[in-house]
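In what follows, a structure is listed as structure tokens, so that the remarks can point back to it.
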Number of protein chains: 2
Amino acid sequence: MTDAPNLSPRTIRMSDVAREAGVSAMSVSNAFKKPEIVLPETRKRILEAARRLGYVPNGLAGSLASGRSRTVAALVPSIRNSSFARTVQGLNDELSEQGYQLLLAVADTAERERSAVEAVLRHRPDGIILTGNEHHPDTILLLQQREVPLVETWIMSEPILDMAVGFDLRHAAKEMGRLLVARGYRHIGFAGYAPAERKRFLERQQGFQAALREAGLRDDLLFHADESAGFAGGRLAMEALRAREPRLDALFCVTDIFAVGVLFECQRQGLAVPRDFAVAGYGDFEIAAEVAPGLTTVRTRGYEIGRAAARLIVERAEGLPTALRVDVGFETIIRGSA
Amino acid sequence: MTDAPNLSPRTIRMSDVAREAGVSAMSVSNAFKKPEIVLPETRKRILEAARRLGYVPNGLAGSLASGRSRTVAALVPSIRNSSFARTVQGLNDELSEQGYQLLLAVADTAERERSAVEAVLRHRPDGIILTGNEHHPDTILLLQQREVPLVETWIMSEPILDMAVGFDLRHAAKEMGRLLVARGYRHIGFAGYAPAERKRFLERQQGFQAALREAGLRDDLLFHADESAGFAGGRLAMEALRAREPRLDALFCVTDIFAVGVLFECQRQGLAVPRDFAVAGYGDFEIAAEVAPGLTTVRTRGYEIGRAAARLIVERAEGLPTALRVDVGFETIIRGSA
DNA sequence: CTGAAAGCGCTTACAG
DNA sequence: CTGAAAGCGCTTACAG
């Protein structure tokens with residue numbers, strides 16, 4: 001009836017560190033959380049013991065006890081899309097600097113978002129970052145039932161559940177529309193994302209249309225392609241819209257990817273850009289500066305959106321006063337394509 | 001001395017559901033975890049009570065008690081890189097299907113990886129997915145001290161800490177080198193990633209060199225650019241290598257991004273591809289099929305790498321027998337550029 | 001099939 | 001400045 005030998009290399013607990021350092025578990029906890037309240041001398045002993053044993057605190061237990069998980073969940077519609085990849089990078093950088101961990105879920109439909117929100121809620125994140133402001137009713141219910149801080153990104157218009165980080169999508173598109181008009185183009189089409197009704201998409205289209213209408217031009221040369229269409233989306237838009245309006249002389253695309261597709265298509269057809277045909281994009285992805293001619297485009301700030309969204313959550317979690325809206329702005333970048 | 005009114009909308013706990021359903025908390029737990037052991041009748045009552053209250057289990061408490069977090073951590077060097085973006089997508093899809101949550105950390109240096117591993121370990125993931133097999137010694141120590149399942153990705157060569165998912169990098173590069181040789185090119189350069197010593201990078205270079213040597217060609221036309229160089233990396237490589245070997249007639253790039261950069265540069269210089277100059281890439285990113293001529297490239301399976309890595313962790317967590325190595329293969333895609 | 005009770009590894013007023 | 005003890009919300013043998 002002797003004690004069973006300690007066969008498995010058990011995980012080091014706080015109490016192990018305490019014993020090793022000859023103090024109570026509480027002092028170990030304090031040495032980490034509130035170093036100023038424990039004597040430098042004992043603190044040193046504790047930290048050394050922790051080092052020696054390779055102690056890594058169990059955050060699960062800590063979170064359960066403290067009610068804070070130091071975890072932030074982000075839901076993005078896609079990770080392959082440069083804009084969201086930048087946002088995730090921004091989230092990661094800010095959160096890791098602040099000692100928080102990112103829970104990522106990619107969900108490309110409202111239905112998937114709903115189940116991802118529930119999945120993520122189980123881990124009791126200190127905040128949730130969503131993309132856009134259109135959600136499944138159940139998602140909203142689930143979220144409003146708790147007091148978890150929320151940031152909606154890539155959008156600034158109501159209804160916003162809690163906080164938002166983005167920029168004026170409508171204005172950005174309007175500015176580009178105006179630029180095309182000012183350049184003298186008169187039959188300007190729009191290559192948007194389907195589904196066109198999605199607000200994150202629709203606002204750009206409406207801004208674009210507003211610019212055309214204020215110039216007295218027709219604003220109904222619209223085409224919508226799935227995000228996954230890639231470069232092909234640009235070609236498809238060009239074909240479809242030229243069929244409807246042979247004089248089509250410019251195309252504004254909701255993504256540089258479509259725009260580059262248009263550029264490639266112009267090359268194939270021997271259309272001189274921007275003389276015969278103009279193209280403008282959205283995103284200022286890396287390729288925009290590389291193609292010839294360079295792509296005139298809207299530079300968005302996906303990375304900053306991620307940083308700011310993370311910052312809002314952390315500030316709120318720390319009980320700091322936080323903004324409810326952060327406008328990161330945009331920039332119109334003029335290169336050779338329009 | 002009356003009870004304080006329940007002001008704040010407290011989070012629903014398992015015991016609340018139990019009371020609502022008129023059973024013990026244990027039965028609630030069982031109704032979710034081992035539905036077969038509770039009477040269909042009572043189970044129904046429990047599930048309905050849970051629904052009514054909007055109960056979302058506290059996974060933190062569950063994990064602490066059960067020793068399993070249903071969480072998997074992944075460390076990737078970049079999220080902007082298409083290959084890793086695909087891997088993350090694969091991880092997300094597989095994990096969410098299996099009811100696990102992804103903890104993501106992007107860490108682009110061994111030092112950052114080290115601190116990310118520690119950060120992630122606090123959340124007691126059921127497994128950790130790393131990129132490559134070169135790690136900080138402390139990282140290895142930290143990891144080997146616990147019994148957490150590990151998968152190294154995008155590499156198949158020793159030393160492997162535990163499990164690995166990837167393909168034969170050397171072979172893939174060798175095959176492309178041979179193809180260039182077979183096409184008749186004789187002064188073939190290599191545009192690699194810096195730092196060149198990194199094994200994930202080096203093996204491709206060595207495979208490439210092997211192909212040249214077996215054809216009796218010189219194998220020292222090497223250039224290395226930072227991953228962040230983007231399209232410019234291709235141009236820089238071209239300039240540098242042509243300076244060293246004016247007869248340079250082909251370039252094999254470790255990424256389609258560099259390769260497309262080369263293609264753009266050839267256009268600018270009026271070099272006919274593939275007649276005057278050949279380019280081959282690596283990755284088969286979307287753009288490879290869109291540029292003209294299309295890019296001859298190595299198609300890797302980043303998405304499958306993510307899926308497989310996640311699957312290994314989950315299988316191990318569930319106590320199932322698992323493979324230690326998964327080779328997802330690659331494919332040489334021949335288009336017009338070489 | 002159902003339940004009382006201990007325990008997971010921390011944190012947090014509260015004493016001393 | 002330090003520590004004993006309760007509690008966070010689950011899970012899990014173990015009885016009944």
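Below, chains carry the letters A, B, ... as their sequence lines are ordered, and counting in each starts from 1.
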Between CG of B/Asn58 and P of D/dT11 the distance, given in whole Å, is 9 Å
Any donor and acceptor pair, going by atom type alone, linking the side chain of A/Asn30 with main-chain N or O of A/Val38 inside 3.5 Å? no
Between atom CD in B/Glu36 and atom C1' in C/dT2, what is the gap in whole Å? 15 Å
Considering only C/dT11, D/dG9, C/dT2, which nucleotide approaches the side chain of A/Met14 most closely? C/dT11
Measure from the side chain of A/Ser66, starting at C-beta and using heavy atoms only, and say which of D/dT11, C/dT12, C/dG9 lies closest. C/dT12
Using a 3.5 Å distance criterion without hydrogens, assess whether the side chain of A/Asn133 forms a donor-acceptor pair with backbone atoms of A/Ser157. yes
So A/Phe32, base contact, sugar-phosphate only, or nothing? Heavy-atom distance under 4.0 Å. nothing
Between B/Tyr55 and D/dC10, is there a side-chain N or O to OP1/OP2 distance below 4.0 Å? yes
Rounded to whole angstrom units, what separation is found between the CZ atom of B/Arg13 and the P atom of D/dC8? 7 Å
Mind checking if A/Leu39 touches a base, just sugar-phosphate, or nothing, with heavy atoms under 4.0 Å? sugar-phosphate
Between B/Leu60 (CG) and C/dG9 (P), how many Å, whole number? 14 Å
Identify, between B/Val56 and A/Arg43, the residue whose nearest nucleotide on DNA chain D lies closer to the 5' end. A/Arg43
When the nearest nucleotide of DNA chain C is assigned to B/Gly22 and to B/Arg124 on a heavy-atom basis, which residue is associated with the more 5' position? B/Gly22
Below 4.0 angstrom, N of the basic side chain to O of the carboxylate: do B/Arg311 and B/Glu304 qualify? no
B/Ser63 near the nucleic acid: base, sugar-phosphate alone, or nothing, with a heavy-atom cut-off under 4.0 Å? nothing
Expressed as a whole number of angstroms, how long is the span from B/Lys33:NZ to D/dG9:P? 16 Å
Can a donor-acceptor pair be found between the side chains of A/Trp154 and A/Thr87 at a distance below 3.5 Å? yes
Report the distance from atom CG of B/Leu121 to atom C1' of C/dG9, rounded to the nearest whole Å. 15 Å
The side chain of A/Met26 is closest to which nucleotide in this list: C/dT2, D/dC10, D/dA5? D/dA5
Between A/Glu318 and A/Ile313, is there a donor-acceptor pair closer than 3.5 Å when you use the side chain of the first and the backbone of the second? no
In the strands shown, is C/dA13 matched to any nucleotide by a Watson-Crick or G-U wobble pair with both distances under 3.5 Å, and which? none
Integer-rounded Å distance: C/dG9 P and A/Arg68 CZ: 23 Å
Tell me: CD of A/Glu41 to P of D/dT2, nearest whole Å? 9 Å
Choose from D/dG3, C/dT11, D/dT11 the nucleotide whose nearest atom is closest to any side-chain atom of A/Ser27. D/dG3
Please determine, for D/dA4, whether a Watson-Crick or G-U wobble partner exists with both distances under 3.5 Å, and give it or none. none
N or O in side chain of B/Ser29 less than 4.0 angstrom from D/dT11 OP1/OP2: yes
5'-most contact on DNA chain C: A/Asn30 or B/Ala61, nearest heavy atom basis? B/Ala61
Is the shortest side-chain N to carboxylate O distance from B/Arg114 to B/Glu111 below 4.0 Å? yes
